[in-house]
Amino acid sequence: DNRVHQRSDGPNRKGVRFFADDEDHFNLEDILQALCFLECGSAWVPAPPWQIYSYPFARSHFATDLGGLSAGAQRHLSLMLQGQGEEPTSKEVSLYTVEDEDEI
């Protein structure tokens, strides 16, 4: 049962979305919520399983203001807003350019 699966990030946290293999180890959920909020002005925020079935009994909701986003999504949104309009550094550009055309 995914609702009572013991989590690796704390003894008092139980539950996973669907399967233990579906865990979001890279926090992509927060990034997706921040991007949706930035583009649309709102984002769907599913409650974590360990908060749905035990205290504080959170509910999934549509976030239409910053307070409705998770702390991680708010942090990502802040970074996205800071990065708008700035030129990437040469180090960032080198990550996306191919040095040797034979590698293509």
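Worth saying up front: this structure is predicted, and the values here are computed from it rather than measured. Only this structure's heavy atoms are used, side chains among them; waters, hydrogens and symmetry mates stay out.
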Co-membership, hydrophobic cluster, residues [X] and [Y], 4.5 Å side-chain:
| X | Y | result |
| --- | --- | --- |
| F62 | L38 | no |
| L35 | L66 | yes |
| L81 | F37 | yes |

Min side-chain heavy-atom separation P46-Q33 under 4.5 Å
yes
If we only count heavy atoms from C-beta on, is the M80 to I31 side-chain gap below 4.5 Å?
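Side chain of M80 against side chain of I31, heavy atoms only: contact under 4.5 Å found.
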Where [X] and [Y] come nearest, the two heavy atoms and their spacing:
| X | Y | result |
| --- | --- | --- |
| A73 | A34 | O-CB, 3.5 Å |
| R59 | H61 | O-ND1, 3.3 Å |
| S70 | D30 | OG-OD1, 2.9 Å |
| V45 | A63 | CG2-CB, 3.8 Å |

Other residues, nucleotides, ligands: >12 heavy atoms within 6.0 Å of F57 CZ:
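Enclosed: over 12 neighbouring heavy atoms sit under 6.0 Å from CZ of F57.
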Out of T64, D65, L69, which residue meets the side-chain contact (heavy atoms from CB on, under 4.5 Å) rule with S42?
T64
